[in-house]
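Note that the structure is predicted; figures quoted are calculated from it, not measured.
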Amino acid sequence: MRKAFTLFALLLALICEKATAQDRTITGKVTSSEDNLGIPGAAIVIPGTTIGTSSDVDGNYSITVPAESKILKFSSVGMKTKEVELGASN
């Protein structure tokens, strides 16, 4: 019985680790298509969630995305909102 419990606990720990390891961090830079300069304060969100971030003064951002998320939405005051499909890269 003790061996079975130990094996069960080990398998449970491995499953929990796999479940949390599916998140990934996406980094990038929000730029204007007109002059290619960074856009500070742009909002980057995962549609349908409360997960989001904003770009820094140079337009750089970093966001942790769950594995099931497929799209990032970018918006900024005075700019057109854009949705970008996530690929396999970060």
Side-chain angles (χ1 to χ4, degrees):
M1 183 69 170
R2 187 172 182 171
K3 285 183 182 181
F5 178 76
T6 303
L7 181 60
F8 176 75
L10 179 62
L11 288 174
L12 184 61
L14 289 173
I15 290 170
C16 289
E17 183 177 338
K18 276 287 191 191
T20 59
Q22 294 178 354
D23 292 353
R24 62 183 174 150
T25 300
I26 306 292
T27 58
K29 185 172 185 175
V30 183
T31 59
S32 169
S33 62
E34 294 175 0
D35 54 15
N36 209 29
L37 293 175
I39 300 175
I44 301 96
V45 297
I46 300 169
T49 71
T50 58
I51 302 170
T53 190
S54 60
S55 59
D56 66 12
V57 295
D58 296 318
N60 299 309
Y61 70 92
S62 179
I63 185 169
T64 301
V65 179
E68 64 273 5
S69 298
K70 305 294 181 208
I71 295 174
L72 283 181
K73 184 176 180 179
F74 297 82
S75 61
S76 183
V77 175
M79 300 285 187
K80 184 178 176 182
T81 298
K82 185 171 183 176
E83 290 190 0
V84 176
E85 190 170 327
L86 296 173
S89 67
N90 292 342

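Taking OG1 of T27 as the reference point, atom CG of N60 lies at 8.5 Å (rounded to 0.5 Å). Atom NZ of K80 is separated from atom OG of S33 by 9.5 Å, given to the nearest 0.5 angstrom.
Closest approach of I39 and S76 over heavy atoms only: CG2-OG, 3.7 Å. A pairwise comparison of heavy atoms in I63 and G52 identifies CD1-CA, 3.9 Å as the closest pair. When all heavy atoms of K73 and P47 are compared, the closest pair comes out as CB-CG, 4.0 Å. Closest heavy-atom contact between K29 and G38: CE-CA, 3.9 Å.
For the pair P66/I46, a side-chain contact is recorded, criterion being any heavy-atom separation below 4.5 Å from C-beta on.
At a threshold of 4.5 Å between side-chain heavy atoms, the hydrophobic network of Ile, Leu, Val, Met, Phe, Trp and Tyr places F74 and M79 in one connected group. When the side chains of ILVMFWY residues are joined at heavy-atom separations under 4.5 Å, either directly or via intervening members, V30 and L86 end up in a single hydrophobic cluster. In the hydrophobic cluster analysis, where Ile, Leu, Val, Met, Phe, Trp and Tyr join through side-chain heavy atoms closer than 4.5 angstrom, I26 is grouped apart from V45. I51 and I71 fall into different hydrophobic clusters, where Ile, Leu, Val, Met, Phe, Trp and Tyr are joined by side-chain heavy atoms under 4.5 Å apart, directly or via other members.
Counting non-hydrogen atoms of other residues, nucleotides and ligands closer than 6.0 Å to CD of E85 gives a total of 12 or fewer.
Side-chain atoms of S55 come within 3.5 Å of backbone atoms of A42 as a donor-acceptor pair (strictly under, hydrogens ignored).
Residues satisfying the side-chain hydrogen bond (donor to acceptor under 3.5 Å, both in side chains) test with D35, not counting sequence neighbours, are S32.
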